[in-house]
Amino acid sequence: MTGYLAFEIRRTLRDAKFLLFAVALPVGLYLLMADRFADQGAPASYVMGGVAAFGSMKAALDVGARTAVERGIGWQRQLRLTPLSGGGYLLAKASVAMVVALPPVAGVSLVAALVGGVHLSAGGWALAVLGVWAGTVPFALLGLLIGQFVGAQSLQAYQGAVVLVLSFVGGLFIPVSTFPDALATVAKVLPSYWLAQVGHAAALDGAGGVGGGEGGGQAALVLALYTLVLGVAVAVRYRRDTARA
């Protein structure tokens, strides 16, 4: 699996346009939104947490969902003829998604520190970058799951809809405290809400905040449960595809 993983990482990192967009989009959104909710008690550091979560989430989803294209052209069937196991293939894809998910978080955090005037402790920065990045694992798996269900032609529509719901309903851009009660309840069901809570907790020194009040520890637990459920779902779906091949 190591050789295949190295191949996938090299192939992904050679796609300069994709990597540039993965970083530039969340950085641009942060610059536009840094002071947008200051009058509601959400400082630039709080916005940083949500936008960094968006960048990491979207990058991981994009990479994982690309498996729909590989499935459509028969690449997965070819790989089944090699010594690479199904588990090794899925693990390699998820690992690549996590590699790509790190630059957006780091980019947003760097811009927030240099331009946005965000000041955190060393522990706060570690949680803001590494905590959000680690919390992206279930989204890498969600991308793989989407890639196993939809075709290449419909991938963009399904993927865009998922990112839209997770971003806006999950409270990555707008504080959940401003939502109607019913929508706020729905938001807390989504994994993106809990990923944002990791970033918000880091920005507000681990105390939770205006987005809903939960701290990083509870968010980590919920994201771990999502990782388990989605990991099982991806494995089951891939085995069913293998059985039909």
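Atoms considered below: every heavy atom in the structure, side chains included; atoms not considered: hydrogens, waters and symmetry mates.
Classified by interplanar angle (parallel below 30°, tilted 30° to 60°, perpendicular above 60°), the ring pair Tyr46/His200 is parallel.
Residue-environment remark: CZ (Phe21) stays at or below the threshold of 12 foreign heavy atoms within 6.0 Å. Counting heavy atoms of neighbouring residues, nucleotides and ligands inside a 6.0 Å radius, atom OH of Tyr158 does not exceed 12 of them.
Applying the side chain to side chain donor-acceptor pair (under 3.5 Å) test to every pair with at least one member in residues 126-147, sequence neighbours left out, gives these pairs: Ser56-Thr136.
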Under 3.5 Å, sequence neighbours excluded: what are the donor-acceptor pairs made by side chains of residues 99-109?
residue, atom, partner, partner atom, Å
Ser109, OG, Val105, O, 2.9

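With sequence neighbours excluded, no residue forms a ring pair (Phe, Tyr, Trp, His ring centres under 6.0 Å) with Phe139.
Residue Pro138 is tested with Leu225, Leu145, Thr227 for a side-chain contact (heavy atoms from CB on, under 4.5 Å); the sole match is Thr227.
Counting heavy atoms from C-beta outward, Leu25 and Phe54 have side chains that approach closer than 4.5 Å. Side-chain contact between Leu166 and Leu172 is absent, with no heavy-atom pair separated by less than 4.5 Å.
Taken together through direct or relayed side-chain contacts under 4.5 Å among Ile, Leu, Val, Met, Phe, Trp and Tyr, Val118 and Val115 form part of one hydrophobic cluster.
With hydrogens and angles ignored, the 3.5 Å screen pairs no side-chain donor or acceptor of Trp194 with any backbone N or O of Leu223. At distances below 3.5 Å, not a single donor-acceptor pair connects side-chain atoms of Ser154 with backbone N or O atoms of Val150.
To the nearest 0.5 Å, the span separating NZ on Lys93 from OG1 on Thr67 amounts to 7.0 Å.
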